[in-house]
Amino acid sequence: MTTLVLPLTTLKGVGPRMAERLQRLGINSVEDLLFHLPYRYQDRTRVVAIGALRPGEEVVIEGEIEACDIKFGKRRSLLCRLNDGTGSIMLRFFHFSGKQKESLSRGVRLRCYGEVRRGPAMLEMVHPEYRQMDEAGVTAVEAHLTPVYPATEGMAQKTLRQLAEQALALLRQGEVKDWLPPELLVELGLPNLQQALLEVHQPVPETPVFELTDGEYPARQRLALEELLAQHLSLRQLRQKAQQHSAPQLKPQGNLRQRLIKALPFVLTGAQQRVLEEIDADLAKPHPMQRLVQGDVGSGKTVVAAAAAVHAVEAGYQVAVMAPTELLAEQHRRNFSAWLEPLNMKIAWLSGKSGVKQRRENLALLAEGEAALAVGTHALFQDEVVFQRLGLVIVDEQHRFGVHQRLALREKGSHNGRVPHQLIMTATPIPRTLAMTAYADLDSSVIDELPPGRTPVETVVISDERRDEVVARVHKACAGEGRQAYWVCTLIEESEALQCQAAEETAALLAEALPDLNVGLVHGRLKPAEKEAQMARFKSNELDLLVATTVIEVGVDVPNASLMIIENAERLGLAQLHQLRGRVGRGSVSSSCVLMYHKPLSQQGKARLAALRETNDGFEIARRDLELRGPGEVLGTRQSGMLRLRIADLERDKDLLPDVARLANALLQQWPQNVAPLIQRWLGDAQRYGDV
Ligand code: ADP
Ligand code: MG
């Protein structure tokens with residue numbers, strides 16, 4: 001590819017060492033430098049009268065030294081009083097040389113820049129930047145506000161400013177192209193690239209500084225819009241590339257699907273049926289499906305996935321079902337076995353914890369095509385895993401997998417130039433506009449209906465100082481009403497061992513406090529067989545109370561359980577709490593969830609727990625989570641590196657999102673030649689993953 005960006009070495013003073021430091025700031029090109037925006041500004045454009053100063057301001061002042069003395073006290077300091085006819089201010093230096101003291105003598109005129117603070121006797125500036133003025137005092141002040149850039153160690157503001165200035169000079173000379181046509185910008189009332197960048201880097205003195213760092217300032221918005229557009233176009237390009245691949249057309253004629261559905265102890269909801277039809281239509285096409293199925297906790301995504309899997313198997317292909325954790329994977333294995341083995345389908349199990357022999361056997365089953373399905377974790381990615389004819393990949397809880405992993409999995413299944421279909425399921429509902437940006441490479445289906453007979457869970461938020469009352473409540477529900485309850489322990493420590501230990505201690509304490517109840521315990525360190533035994537006892541109502549770490553987040557289905565206690569609820573994410581809560585409210589009796597928190601609870605913590613108390617709707621919870629924590633956390637992009645935004649902020653700039661899709665269409669249709677350079681500018685090498 002020809003270079004579409006200007007290399008850093010275009011700039012004076014950038015050698016290998018400097019380039020490396022810049023790279024640490026994510027700056028790899030002149031363009032990157034231009035998009036490295038100031039986070040605040042200093043006003044060195046005017047001289048402020050000393051008499052008018054207020055503490056907290058950062059300003060330029062000028063005056064004449066009235067007196068300059070060393071003060072000996074707790075800390076030796078040089079005190080220098082400056083007067084400009086309107087008032088006086090003290091300059092205070094803790095570190096100074098003898099030469100410095102000499103130069104700062106009475107009668108000398110200075111120009112200083114610094115922060116004004118309240119001092120013991122009068123206003124002060126501590127260690128101001130200063131310059132001696134000659135008689136005439138004519139040195140000009142700055143012509144524009146001074147930018148302050150995000151920097152790293154070993155990278156002085158002065159250096160960044162000089163480099164930015166060089167980059168801006170190139171911009172002024174027209175060396176940096178604007179890929180957004182003026183027609184589009186005029187309509188939105190936004191400035192062109194050159195205007196926007198100059199305004200942000202070198203604002204004229206009158207510019208309101210607070211608005212300038214605000215995301216809503218037109219110049220910033222324009223840059224955010226360009227970034228979002230590049231992200232969106234990149235995802236669409238990935239999608240297009242995917243559509244150029246061929247995939248097996250899965251149009252089975254048999255009756256396996258009907259047999260599966262007939263055998264279920266329930267009828268599919270309208271939403272499940274609709275989504276299944278959308279999936280079937282995709283599977284019948286000669287190009288790979290890339291569909292995201294969103295559905296709230298308990299909406300019944302698994303059976304939809306199983307029905308899709310049956311389709312693929314009946315058409316003569318294998319299916320891979322991948323989950324992000326061992327426990328979720330185990331749960332899928334159990335469900336898929338129960339539903340599909342009666343239809344004579346063999347399931348291979350690939351978990352990180354399988355023994356060598358079992359693993360080898362399962363790998364052979366897959367390679368020879370004996371096993372119709374593979375269920376597992378990331379272990380499915382590994383090189384030794386070879387499918388005979390992979391037709392469909394089902395990924396559960398997509399937000400924990402990044403776009404690159406999705407692509408890698410597709411690669412893995414490619415066979416005779418064909419790639420498998422992909423079905424991605426998530427219980428973290430993603431607001432539509434966000435989905436359009438973050439998942440523009442996927443089609444999306446929503447299971448927007450819960451199976452009948454579910455009752456909303458009543459949620460209360462209680463301080464753990466009232467633990468005794470909560471224990472009494474558990475007793476009443478179990479001993480008094482014959483219900484069952486969960487008690488979930490969370491611990492801030494990352495260590496699984498500590499979590500398990502805490503759960504063990506809690507279980508012992510609760511067993512002691514509730515002698516007439518049977519208390520069970522599950523945590524991540526139990527052997528799978530032990531875990532299953534505990535779960536089975538809980539399911540058969542032998543156990544009244546199940547103490548657990550967050551492992552029960554997934555896959556427990558006990559309709560008689562109607563009470564959920566979550567300790568230290570403030571430590572968990574909203575989505576996770578919502579998932580946990582989804583374990584109750586599965587029967588016909590009304591259920592409740594007690595969110596216990598440990599004081600002090602932050603303002604944000606309060607708002608988050610309140611969100612759960614106020615609604616049972618996963619979409620609404622996701623929306624509030626987004627508001628409170630931002631999309632990086634909600635989508636798990638921090639870990640997966642899915643969307644790395646530099647200027648835009650999906651929450652703050654959400655009003656731009658509808659424009660993004662529209663502008664993308666316009667650009668693709670009328671200015672297709674601008675698309676590649678735009679993507680290259682913002683995503684650089686990241687985009688190349690799309691070629692895998
Ligand atoms: P999720 O969407 O959270 O993964 P699951 O697939 O685990 O939900 O389904 C939750 C529970 O609801 C399971 O016990 C499942 O068997 C049951 N279920 C699924 N679909 C229906 C339905 N249409 N009617 C009744 N129960 C259903
Ligand atoms: Mg599920």
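First listed ligand is number 1; within each ligand, the first listed atom is number 1. Note that the structure is a prediction, hence the values are computed from the model and not measured.
Residues of the protein with a heavy atom under 4.0 Å from ligand 1 are F266, V267, L268, T269, Q272, D296, V297, G298, S299, G300, K301, T302, P451, R454, D557, R586, listed by chain and number.
Y317 and F387 have their aromatic ring centers separated by at least 6.0 angstrom.
A salt bridge does not link D617 with R624: none of the charged nitrogens is closer than 4.0 Å to a carboxylate oxygen.
By the salt bridge (Lys or Arg N to Asp or Glu O under 4.0 Å) test, E341 is found to be paired with no residue, residues two or more places apart in sequence or in another chain being considered. Judged as a side-chain hydrogen bond (donor to acceptor under 3.5 Å, both in side chains), and not counting sequence neighbours, the contacts of R467 are E567. Taking the side chain to side chain contact (heavy atoms under 4.5 Å, CB included) definition, one finds that Q501 meets it with L498, E505, sequence neighbours left out.
The closest donor-acceptor contact from the side chain of Q318 to the backbone of L366 lies under 3.5 Å.
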